Amino acid sequence: MSLATTYNPLDVEAKWYQRWQEMGFFKASPNPDKEPYTVVIPPPNVTGVLHMGHMLNNTIQDILVRRARMQGKEACWVPGTDHASIATEAKVVALLKEQGIEKKDLTREQFLAHAFAWKEKYGGIILEQLKQLGASCDWDRTRFTMEPDLTDAVLEVFVDLYNKGLIYRGVRMVNWDPQGGTALSDEEVLPKNVQAKMYYLRYEIVSAAGLTLKDADKQYITVATSRPETIMADVAVAVNPTDPRYQHLAGAKVRIPLLGREISVIFDAYVTADFGTGALKVTPAHDLNDYEIGLRHNLPVIDILNDDGSLNEKAQLYVGQDRFAARRNIVKDLEAAGLLVKVEEYASIVQTSERTQAVIEPKLSLQWFLKTEHLAKPALEVVENGTIQLHPPKFKNLYRSWMEQPRDWCISRQLWWGQQIPAYYLPDGSLVVARTAEAALTQARAKAGNENLQISDLRQDEDVLDTWFSSWLWPISVFDGFKDPENADIKYFYPTNDLVTAPEILFFWVARMIMAGLEFRGEVPFKNVYLTGIVRDAQGRKMSKSLGNSPDPLDLIRDYGADGVRTGMLFSSPAGNDLLFDMKLVEQGRNFSNKVWNAFRLVKGWEADAALPYAHGLAVDWFAARLAAATAELDEHFEKFRISDALLTVYKLVWDDFCALYLEMVKPAYQQPIDAATLQKTISFFETLLKLLHPFMPFITEELWHELAPRTGRDFVCVAPWPQRPAVADAAGLQTRMEWALGVVSGIRTIRNQKQLAPTKALVLLAKTTQPELLQTYGPLLRKLANLSGIQRTDTAPAAAVSFVHAGAEFFVLLEGQIDLGAERARLEKELEYAQGFKESVERKLSNEKFAANAKPDVLERERQKLADAEAKIAALEQALKSL
RNA sequence: GGGAGAUUAGCUCAGCUGGUUCAGAGCAUCUGCCUUACAAGCAGAGGGUCACUGGUUCGAACCCAGUAUCUCCCA
């Protein structure tokens, strides 16, 4: 047998993923004998490719799902994709443009045909990529938010909520991209730092109660604005009510420069007195804050812009000119008229379109809204009372702050890719809402009292629904809970158990799923929400395409193995904290795979000799105790969703306890056989470790599972039972005694290092101990781990020896001619000084009457023990010094 | 402007009910080793004013108040 000294994941991973699928391990169906465990994937964009965020998120889900499967639960992980209306439509538009086709030249049907064709071709690549990561989804359950059944669910819900009076149409300020001719969501708008100009304009005061108009200095109020071309849309000038400079303008009227229209001066606390001149022109149609001021003061709205960013007739001036041309021209004209006081440069932020880079125009438009107040209340309640737990819990505050004052949800989008809003307008402009055109017609005829109405007389609303309006139904719709509310799947798998997602969408998605779950099924959609952090680079920058700081996950998997990447990502990602990704992490993950691989190579090479007596009971019993303790610790971490800590627990168990200690203890000399009982125990430990590792590193563990022993049928680690935690007799004693022995080993090794002695040089240890039985029992182990040629008890300090003190006993390592007495004395004195200081501090504490009176008995007992230990140590050190 | 969270080793973070070891891990660093599983390794070592200032307490990284800095969310 010859096994490579380094583990090669490429050979292994594809093979096992295929075998798992062939065996149907990932398939889940309702099984009354098993407890269900359900996770629905946060559906990635159908046209997306795997990025580092997906890797983290899906690795965590897979770990949870694989562990649940091993625990004997009916583990169901539902995969799928999201139609992501904005992102996908943008991609399709861009693709068509490359082919010389403009969206505006297509009908809606033609465009959708292109989009579906594109989705068929490129959609779902990301799901294939997830398989390379090892994601154990039930692929037969793959869903898509725009497939017919899920679309039906969306329409049903829209109609239902409309009929409940929760959906309405209203005016809202949207981010309008004049170049793209569409509204954008806040996520598609990028703030850009620019050097902008602030124009100071004079508005003539035409009347004011407390003002003498003769006074030349007071005939104007100066207003600062960055957008002089919008003055034609002004409806007021606002000042802060506490601003002493403008108190006399109560009730005053001023005249818009050039235009001459009269508007009022109003007082509003929104205005900051020390910005600009403290006087703000109010233009409700073209600024969100102004719009809100307008609402407060009952001001009219004058919209002077066309959809393409040019000025319309309402502007009266510069009609037809682009907003930026109009700005240049009006500045010239204002200057000529002597109404421009000054122009200042200032650093500002403009909002731009992510796609067209055009400057966004805030625009008022008629949109569809969902009232959320009634839905939010119960959704807040279930998080407050712990029915749903957020991990880490700090997100509860954030959730509360949103849900206490929910804003209505704007659910319409001016796009084609998505579910078209099922609202139909009658010729008279009134509307009906229904799932189908036929149903709408029936309603419309009744409404209009006109039986002659035809479908062609109805016009369906052009807008589609926000993508979140389909994804909020995801935990229900993937199980056909709308189509068939009593079906076996939804009854068994819903509510789901855990949801793993990013905090950015806590409100967009998580909160809304909770609302939908409670509203449509009367039950929460999941019990735990695990919030991952954002994956950043080592400098803390968000990973992004434009920065080019994100490695390609598939390259990483190829170079480091899926197991290496999975563990690498988890080494540094406690829940809710951002993950600062560093190649060092995946290297560490790969090295860990390699460590496990080499441990296997070692054990695989051992030959059993049935004639040999069982020789390693100490090591075996100790490791059994360690294993039980670590398993308990691991389970506790999992229960608290401390996945990184869970990994670190297994990592240390495998690397430190199993490889560095246990295997070294039982390892036979080169080409010597091992006793059969120890080998059998070792293999059994190895199997347990593979099980514990499997959720984190599915591939290498499956490979080694099959290498370690012949396997038949369904004997895969993937479905092996999760290790129990057997009670080990005298576990604490075993550990304490082993720690004593390892302390001795450590003392000897330290001396080796200090004296620069080769590990191959065997040493002789002398011990002045009150526990000879320990020395006796652990002697063979000490010999092996510390490379000793002899161990003897002694009552006096030998001459040529270096000593150390451990557990109140003195140990000597014989070293002829290598003793520097001065250095030895200095080292011991330093240690003694330290021990004495420690002793004094404990004594001080113990002699404090209040401490003795108030401290709990176990604390007191611990302090007494510390004092006794310190005294023993001091005595031993003093002895050692004396004997030098 | 309002709110939330954070600040512990060079870096990333634990530290759970205030008291195990005058503060823990991983990585990094330094020293020595190619010791027959693994140099993707082994053995060791160093590294801390627990942001600062006060307070509560017999006792504070932990509780309280204030200050500073940073991050995020909302406006």
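Only this structure's heavy atoms are used, side chains among them; waters, hydrogens and symmetry mates stay out. Remember, it's a predicted structure, so these values are computed and weren't measured experimentally. Chain naming here is simple, since letters A, B, ... match the order of the sequence lines and numbering starts at 1 in each.
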Atom pairs under 3.5 Å, N or O on each side, protein against nucleotides 24-26 of chain B: can you list them with distances?
residue : atom : partner  : partner atom : Å
B:A25   : O2'  : A:Lys652 : NZ           : 3.3
B:G26   : O2'  : A:Gln588 : NE2          : 2.9

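- Spacing of P atoms, B:G24 relative to B:U49, comes out at 16 Å, to the nearest Å.
- Nucleotides B:U53 and B:A68 place their C1' atoms 11 Å apart, quoted to the nearest Å.
- Using bins of under 30°, 30° to 60° and over 60° for the plane-to-plane angle, the ring pair A:Trp468/A:Trp509 lands in the tilted bin.
- A:Tyr778 and A:Leu734 make their closest contact through OH-O, 4.3 Å (heavy atoms, listed as atom of the first residue, atom of the second, distance).
- Applying the side chain to side chain donor-acceptor pair (under 3.5 Å) criterion to A:Lys363, with sequence neighbours excluded, gives A:Asp307.
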Any N/O pairs under 3.5 Å between the protein and nucleotides 40-44 of chain B? List them or say none.
residue : atom : partner  : partner atom : Å
B:A40   : O4'  : A:Asn591 : OD1          : 3.2
B:A40   : O2'  : A:Asn594 : ND2          : 2.9
B:A40   : N3   : A:Arg590 : NE           : 3.3
B:G41   : O3'  : A:Lys595 : NZ           : 3.1
B:C42   : OP1  : A:Lys595 : NZ           : 2.7
B:C42   : OP1  : A:Trp655 : NE1          : 2.7
B:A43   : O3'  : A:Arg749 : NH1          : 3.4
B:A43   : O2'  : A:Asn753 : ND2          : 3.2
B:A43   : N3   : A:Asn753 : OD1          : 3.3
B:G44   : O4'  : A:Asn753 : ND2          : 3.3

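- Relative ring orientation between A:Phe811 and A:Phe804 is described as parallel, the plane-to-plane angle staying below 30° on a 0-90° scale split at 30° and 60°.
- Within the structure, salt bridge (Lys or Arg N to Asp or Glu O under 4.0 Å) pairs that include any residue of residues 647-662 of chain A comprise A:Arg626-A:Asp657 (at least two apart or interchain).
- Relative to the six-membered ring of A:Phe507, A:Arg512 meets both conditions, a distance below 6.0 Å and an angle of at most 45° to the axis.
- Using cut-offs of 30° and 60° on the angle between ring planes, the pair A:Phe686 and A:Phe600 is perpendicular.
- A gap of 39 Å separates the P atoms of B:A45 and B:C58, to the nearest Å.
- Of the P atoms belonging to B:A40 and B:G19, the separation is 43 Å, rounded to the nearest Å.
- Counting non-hydrogen atoms under 4.0 angstrom, A:Trp402 reaches the backbone sugars and phosphates but no base.
- Following rounding to the nearest Å, A:Leu585 (CG) and B:C27 (P) show an atom-to-atom distance of 11 Å.
- Among the protein residues, A:Glu664 comes within range of the nucleic acid bases, having at least one heavy atom under 4.0 Å from a base atom.
- Rounded to whole angstrom, the span from the CG atom of A:Leu580 across to the P atom of B:C27 amounts to 17 Å.
- For A:Asn8 and B:A37, the CG to P distance is 22 Å, given to the nearest whole Å.
- Within a 6.0 Å radius of CD in A:Glu504, other residues, nucleotides and ligands contribute more than 12 heavy atoms.
- B:U21 atom C1' lies 12 Å from atom CD of A:Glu739, rounded to whole Å.
- Going from atom CZ of A:Phe395 over to atom P of B:U71 covers 17 Å, rounded to whole Å.
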Look for any protein N or O under 3.5 Å of an N or O in nucleotides 33-36 of chain B and output each such pair with its distance, or none.
residue : atom : partner  : partner atom : Å
B:U36   : O2   : A:Tyr670 : OH           : 3.0

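- Only the C1' atoms considered, B:A23 is 16 Å distant from B:G59, to the nearest whole Å.
- One interatomic measurement links the two molecules: CD of A:Glu707 to P of B:A37, which rounds to 18 Å at whole-angstrom precision.
- You'll find the side chain of A:Tyr399 stays beyond 4.5 Å of the side chain of A:Ile388, heavy atoms only.
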Pairs under 3.5 Å (N/O, protein and nucleotides 55-62 of chain B):
residue : atom : partner  : partner atom : Å
B:C58   : O2'  : A:Asn848 : ND2          : 2.8

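- Comparing the C1' positions of B:U12 and B:U71 gives a spacing of 16 Å, expressed to the nearest Å.
- Of the C1' atoms belonging to B:U29 and B:U35, the separation is 24 Å, rounded to the nearest Å.
- Crowding of A:Glu373 atom CD: a count of heavy atoms from other residues, nucleotides or ligands under 6.0 Å not exceeding 12.
- Annotation: side chain to side chain donor-acceptor pair (under 3.5 Å) contacts of A:Thr678 (sequence neighbours excluded): A:Asp675.
- Side chain of A:His806 to main chain of A:Trp740: a donor-acceptor pair is present (N/O by atom type, distance under 3.5 Å, no hydrogens or angles).
- If you measure from atom CG of A:Asp645 to atom P of B:U12, you get 17 Å, rounded to the nearest angstrom.
- With respect to the salt-bridge test (charged N to carboxylate O, under 4.0 angstrom), the residues A:Lys667 and A:Glu664 qualify.
- Across all strands shown, A:Ala599 has heavy atoms under 4.0 Å from base atoms, whether or not it also approaches the sugar-phosphate.
- Residues forming a side chain to side chain donor-acceptor pair (under 3.5 Å) with A:Arg296 (at least two apart in sequence, or on another chain): A:Asp268.
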Inset, instruction - State the dot-bracket string of RNA chain B. Criteria: Watson-Crick or G-U wobble, both atom distances under 3.5 angstrom; notation: ( ) intrastrand, [ ] crossing earlier pairs, | interstrand, . unpaired. - result: (((((((..((((.....[....)))).(((((.......))))).....(((((..]....)))))))))))).

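- Residues meeting the side chain to side chain donor-acceptor pair (under 3.5 Å) test with A:Trp409, sequence neighbours left out: A:Asp466.
- For A:Glu843, the salt bridge (charged side-chain N to carboxylate O under 4.0 Å, His left out) partners are A:Lys839, not counting sequence neighbours.
- In this structure, the CD atom of A:Gln865 is 12 Å from the C1' atom of B:U21, given to the nearest Å.
- Sorted by first then second residue, the salt bridge (Lys or Arg N to Asp or Glu O under 4.0 Å) pairs that include residues 735-754 of chain A, not counting sequence neighbours, are A:Asp730-A:Arg737.
- A:Glu384 and A:Arg400 are joined by a salt bridge, as a carboxylate oxygen and a charged side-chain nitrogen come within less than 4.0 angstrom of each other.
- When the P atom is compared between B:G48 and B:C52, the two are found 14 Å apart, to the nearest whole Å.
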